[in-house]
Amino acid sequence: MLKQQLNFKLSQKLSPQQIQLMKLIQLPTQAFEQRLKQEIEENPALEDGREEAKDEFEDNFSNENDSEDDNYDEALEDFNVDDYLSDDEIPSYRLNANNYSADDEDKQVPYASGTSFTQHLKSQLNTFRFNETEQEIAEFLVGSVDESGYIRRSIQDIVDDLAFTQNVYTDEETVEKVLLRVQKLDPAGVGARSLQECLLIQLKRKESTEAVSLAYDLLEQSFDHFSKKHYSKLLSRHDISEDQLRDAIEVIEHLNPKPGGAFSGNTRMVEHVIPDFTIKIVDGDLELSLNGRNAPEMHVSRDYSNMLKGYKESKKKTKEQKDAVMFIKQKLDAAKWFIEAIKQRQQTLMVTMSSIMNYQKEYFLTGDERNLRPMILKDIADEIEMDVSTVSRVANSKYVDTPYGTKLIKEFFSESMKNDQGEDVSTREIKKILEMSIEEEDKKKPLTDEKLAKVLKDKGYPIARRTVAKYREQLDIPVARLRKEI
């Protein structure tokens, strides 16, 4: 039996232009510059305002299409050339910010090339006398060292891999002997299979003193107690005084838990943060500016405008001209939209950041995180009458240079809680007070989460112990036992 139904469905879809605008808004300064460069390379109708117009694009037109003129007449019927021509020969779409200059240099931070960490270790193998098999094992072990300087695999796995991948048949005892020699390479501690072994290797190379010897004994015999800071058990087990333990701890604290990280050749390239905004205090008031690199000077190509003029003025429209004008129309539409999208991106960024700055004015004037007001994405979205997702794109990917350092904008957002007077306070404010309370505690008797909850309650912030634990973990602060000092 057939049943016929009529359903109404209301759906909202974003146009390709709106989707691309959202992507542009999300891009931070450096990525935006790359996107701009890509668009200029792909669309010859779009030019950087600081460059001279070029004549190379005319070769882009093809006359291989043998379709009849009538096909073009229909396509060009609604195409008004005057819509694409301005009174100006070169329409100027200047998007200037008050801190932008055409003479600004785009300075890049150079990175020095050098020897890799593995090559650095392999070069040191030449200082040892190995037979052929031992040399292959040593090179394989060096190749197994990770970026922190450790070998994370078992000796049996290495024996198996040597057989399967290198055709080197050996045993665990031989690999162990070669590993002991590899562990003599620099930096000290490299080739260790655990943190305990790494620290012990480093202590072996130190000049023998009472503190160094005790440090070695502590790590070798009582590593678990030491890592958990069970100082009372260490004092009784090793029959030492607090001063002796304190001296040994100081020696251990100067060891390197990640010897590979100390090697410059192992340093990863880090993308330098380029602030998208700058906030300054001028005469007691806040001044916001957008990084000039977000406000490029773009215009439509002079050559494309001239070609349209030629098409308009010619009495007989040839097939080649119609081919060209269709191509030009497509590229000009894309160029004009992209220029408009840049305008909208700039306006969206400024409106959003201006609203955030005014909302958190007291913080930006003082730099005190306790002055941060509770603020969620919806607060700003409602104020600027934009979608929450738009504010999120700005907050999650943009940085602002403030008098107190460069900050990720999303750091200014936080939920609210009630204090003992019923006022809304920022969770950032509570975290800051929690952090200060931990800094001021007696490190010989650090405060437990329960005691911290009581301290906060006494200061007017009644929060539960589990909430204190959550905030402490978010601040990367260890539990009281691990904060204990002798």
Side-chain angles (χ1 to χ4, degrees), residues 12 14-15 17-36 39 93-100 271 273-282 285-298 337-367 369 371-416 424 426-429:
Q12 185 178 18
L14 292 175
S15 68
Q17 288 86 354
Q18 288 173 312
I19 294 171
Q20 199 146 355
L21 175 60
M22 290 298 101
K23 290 181 178 179
L24 282 179
I25 289 173
Q26 190 166 345
L27 294 176
T29 298
Q30 210 162 14
F32 173 68
E33 288 182 318
Q34 292 299 318
R35 178 68 182 84
L36 199 67
E39 190 71 20
Y93 299 88
R94 295 187 170 227
L95 308 173
N96 292 322
N98 59 3
N99 61 341
Y100 175 72
E271 184 179 347
V273 171
I274 298 175
D276 304 270
F277 307 92
T278 299
I279 291 178
K280 294 180 180 178
I281 301 175
V282 180
D285 206 358
L286 297 175
E287 182 181 279
L288 174 67
S289 58
L290 179 67
N291 188 324
R293 291 158 69 170
N294 287 284
E297 183 182 329
M298 307 296 297
W337 178 86
F338 193 74
I339 290 170
E340 183 59 32
I342 292 174
K343 278 185 180 181
Q344 291 184 38
R345 176 184 185 272
Q346 182 183 355
Q347 291 166 358
T348 302
L349 295 186
M350 283 298 288
V351 166
T352 305
M353 189 62 224
S354 180
S355 177
I356 293 171
M357 181 184 73
N358 292 327
Y359 203 97
Q360 301 290 5
K361 185 172 183 178
E362 192 174 351
Y363 164 76
F364 286 115
L365 287 173
T366 63
E369 289 189 7
N371 289 331
L372 277 172
R373 295 173 57 193
M375 179 177 72
I376 59 175
L377 295 172
K378 191 174 185 302
D379 293 330
I380 301 301
D382 289 346
E383 188 172 315
I384 62 177
E385 297 182 347
M386 289 187 183
D387 195 80
V388 170
S389 63
T390 303
V391 179
S392 176
R393 283 179 171 86
V394 176
N396 288 328
S397 60
K398 305 289 184 295
Y399 288 83
V400 57
D401 182 21
T402 74
Y404 324 106
T406 300
K407 310 282 187 182
L408 183 61
I409 294 171
K410 74 174 182 180
E411 293 178 4
F412 304 129
F413 289 84
S414 63
E415 299 288 341
S416 65
D424 284 333
S426 166
T427 53
R428 285 293 301 273
E429 177 182 337

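Just the heavy atoms: all of them, side chains too, but no hydrogens, waters or symmetry mates, feed the values below. Note that the numbering runs from 1 along the sequence shown for the chain.
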K.L.:
Can you tell me how far the CD1 atom of Ile380 sits from the NZ atom of Lys378, to the nearest 0.5 Å?
P.N.:
12.0 Å

K.L.:
Do you know which two heavy atoms are closest between Val400 and Pro275, and how far apart they sit?
P.N.:
C-CB, 4.4 Å

K.L.:
So Met22 and Thr390, side-chain contact (heavy atoms from CB on, under 4.5 Å) or not? Walk me through it.
P.N.:
CA-CA 7 Å; Met22 290 298 101; Thr390 303; 3.8 Å; yes

K.L.:
With rounding to the nearest 0.5 Å, note down the distance linking CD in Glu383 to CG in Asn358.
P.N.:
7.0 Å

K.L.:
Go through Glu362 and Arg373 one step at a time and tell me if the salt bridge (Lys or Arg N to Asp or Glu O under 4.0 Å) criterion holds.
P.N.:
CA-CA 9 Å; Glu362 192 174 351; Arg373 295 173 57 193; over 6 Å; no

K.L.:
Do Asn371 and Leu365 have side-chain heavy atoms sitting under 4.5 Å apart?
P.N.:
no

K.L.:
Which atom pair, heavy atoms only, marks the closest approach of Phe32 to Pro296?
P.N.:
CE2-CD, 4.0 Å

K.L.:
Between Lys398 and Gln26, what is the shortest heavy-atom contact and its length?
P.N.:
NZ-O, 3.1 Å

K.L.:
Where do Ser397 and Asp276 come nearest, in terms of heavy atoms and distance?
P.N.:
O-OD2, 4.2 Å

K.L.:
Looking at Val391 and Phe413, what are the two nearest heavy atoms and their distance?
P.N.:
CG1-CZ, 4.2 Å

K.L.:
Any chance you could measure Met357, atom CE, to Phe364, atom CZ, to the nearest 0.5 Å?
P.N.:
8.0 Å

K.L.:
Quick check for you: to the nearest 0.5 Å, what is the distance between Ile279 atom CD1 and Lys407 atom NZ?
P.N.:
11.5 Å

K.L.:
Could you state the interatomic distance from CE (Met350) to CG (Asn294), rounded to the nearest 0.5 Å?
P.N.:
10.5 Å

K.L.:
Between Ile409, Val394, Thr348, which is the residue that forms a side-chain contact (heavy atoms from CB on, under 4.5 Å) with Met353?
P.N.:
Ile409

K.L.:
Between Arg393 and Ile25 (side chain of the first, backbone of the second, donor and acceptor by atom type, cut-off under 3.5 Å), is there such a pair?
P.N.:
no

K.L.:
Go through the steps to decide whether Arg35 and Phe338 satisfy the test side-chain contact (heavy atoms from CB on, under 4.5 Å), and finish with yes or no.
P.N.:
CA-CA 11 Å; Arg35 178 68 182 84; Phe338 193 74; 4.2 Å; yes

K.L.:
Could you point out which residue of Thr406, Asp401, Leu349 forms a side-chain contact (heavy atoms from CB on, under 4.5 Å) with Phe277?
P.N.:
Leu349

K.L.:
Rounded to the nearest 0.5 Å, what separates atom OH in Tyr363 from atom CG in Leu286?
P.N.:
11.5 Å

K.L.:
Verify, without hydrogens or angle tests, whether Gln360 (side chain) and Phe412 (backbone) share a donor-acceptor contact under 3.5 angstrom.
P.N.:
yes

K.L.:
Tell me if a side-chain donor or acceptor on Asp285 pairs with a main-chain N or O of Val282 at a distance below 3.5 Å.
P.N.:
no

K.L.:
So for atom NZ, which belongs to Lys410, do other residues, nucleotides or ligands contribute more than 12 heavy atoms lying within a distance under 6.0 Å?
P.N.:
no

K.L.:
Between Thr402 and Gly405, which heavy-atom pair has the shortest distance, and what is it?
P.N.:
OG1-O, 2.7 Å

